[in-house]
Amino acid sequence: MSTKNNNYKIIEKLILPVIVVLVWYIISDVLGVFTSYMLPGPVEVVESFISLCQSGRIVDDLISTLFKVIWGLFLSAVVGITLGIILGWSKRLERICSLIISILRPIPPIAWIPFSILWFGIGLRPAIFIIFMGCVFQILVSTIDGVRRTKRELIESAQTFGATDRQMLTDVILPSAIPYIVTGLKTASSVAIMCTVSAEMIGSSSGIGYMILTSSNIFDTGATVVGMLELGCLGIIFDYIFTKIQDKIFW
């Protein structure tokens, strides 16, 4: 019964994408409403995908982008979670830092691109910096929120049993904040992909974003759509991973 339910769920998820592809095929390939450089049809996109696979470029660009996303997400997680726990634990420090966080948090990551190029040049480091700036505040705020939402009863019980500040932090507050931290990481993973593409279009010579830019410049819109779909698939993978983690920790 469970297997049937899972099959039905998969079918339900595929219904709309299949309809969209059919409508897309009819509009572009059958009726020819749009020229290929304005909206390439599914057939042209598949042909571009095969060509990119044969040349090996699609794998190289995917690895390059994935490497940047993982590194940027990792660094922002280390800084965001560490600072989030510290600021969530100490109301005084949180008050001291709240103004600078409120100033920096709304700044779009792409606004840092000119400085990232000046500071780090062209290549890997400026892209990682842009991802870091886009993700760190997402994780930081979620972590602070998770620490602050620790149930008072748990804290009082731990104090009653004589728990030290270190034990309170590691055994009570941190486990309670983990669901919020994972939610912050899940949101940040999508932001990381968007930031990577923006950085690759301006300050990089490799990656999916760079491929999309160079393909669009020569009106190879089939390859452009392949890059866009590749990013979508990356987003699905990260979303799936963090959703599975959430399923494990939300009881």
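Since we're looking at a predicted model, the values are computed, not measured.
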Would F242 and I245 satisfy side-chain contact (heavy atoms from CB on, under 4.5 Å), going step by step from the backbone distance to the final call? CA-CA 5 Å; F242 286 112; I245 295 173; 4.1 Å; yes
How about [X] and [Y]: do any of their side-chain heavy atoms sit closer than 4.5 Å?
X: Y240; Y: T243; result: no
X: F49; Y: L229; result: no
X: V43; Y: Y25; result: yes
X: F238; Y: L66; result: yes

Rounded to the nearest 0.5 Å, what separates atom [atom1] in [X] from atom [atom2] in [Y]?
X: R125; Y: I128; atom1: CZ; atom2: CD1; result: 9.5 Å
X: N217; Y: L213; atom1: CG; atom2: CG; result: 4.5 Å
X: T196; Y: L234; atom1: OG1; atom2: CG; result: 9.0 Å

Non-hydrogen atoms of [X] and [Y] that approach each other most closely:
X: S142; Y: Q138; result: OG-O, 3.0 Å
X: S102; Y: P106; result: O-CD, 3.0 Å
X: I85; Y: V147; result: CA-CG2, 4.0 Å
X: P42; Y: S28; result: CD-OG, 3.6 Å
X: L185; Y: L73; result: O-CD1, 4.5 Å
X: A188; Y: I139; result: CB-CG1, 3.9 Å

### Query
Are L75 and I131 close enough, and set up right, to give a side-chain contact (heavy atoms from CB on, under 4.5 Å), and what steps lead you there?
CA-CA 9 Å; L75 293 176; I131 298 166; over 6 Å; no
**Prompt:** Should we say atom CD1 of I110 is surrounded by more than 12 heavy atoms from elsewhere, each under 6.0 Å from it?
**Reply:** no
More than 12 heavy atoms from other groups under 6.0 Å of CZ on F120: yes
Cluster overlap [X] with [Y], hydrophobic side-chain contacts below 4.5 Å:
X: I218; Y: M211; value: no
X: M201; Y: M228; value: yes
X: L22; Y: W24; value: no
X: V141; Y: W89; value: no
X: F115; Y: L104; value: yes

What residue pairs, at least two apart or across chains, pass salt bridge (charged side-chain N to carboxylate O under 4.0 Å, His left out) with a residue in [range]?
range: residues 135-145; value: D145-R149
range: residues 93-106; value: E94-R148
range: residues 215-228; value: none

Can you name the residues that form a side-chain contact (heavy atoms from CB on, under 4.5 Å) with [X], not counting sequence neighbours?
X: P40; answer: E44, V45, T221, V225
X: M133; answer: W112, F129, F137
X: S90; answer: R92, L93
X: L231; answer: I193, V197, I208, I212

Look only at the side chain of T65 and the backbone of L62, and say whether a donor-acceptor pair between them is shorter than 3.5 Å.
no
Under a side-chain separation threshold of 4.5 Å, the hydrophobic residues clustered together with I236 are none
Excluding V191, membership of its hydrophobic cluster (Ile, Leu, Val, Met, Phe, Trp, Tyr; side-chain heavy atoms within less than 4.5 Å) reads M194
The side-chain contact (heavy atoms from CB on, under 4.5 Å) partner of I81 among I86, T143, I178, L140 is T143
Applied to residues 68-77, the side chain to side chain donor-acceptor pair (under 3.5 Å) test, sequence neighbours excluded, yields S64-K68, K68-E200, K68-S204
Sorted by chain and residue number, the side-chain hydrogen bond (donor to acceptor under 3.5 Å, both in side chains) partners of R57 (sequence neighbours excluded) come out as D61, T214
Residue set satisfying salt bridge (charged side-chain N to carboxylate O under 4.0 Å, His left out) with D239, at least two apart, ordered chain then number -> K186
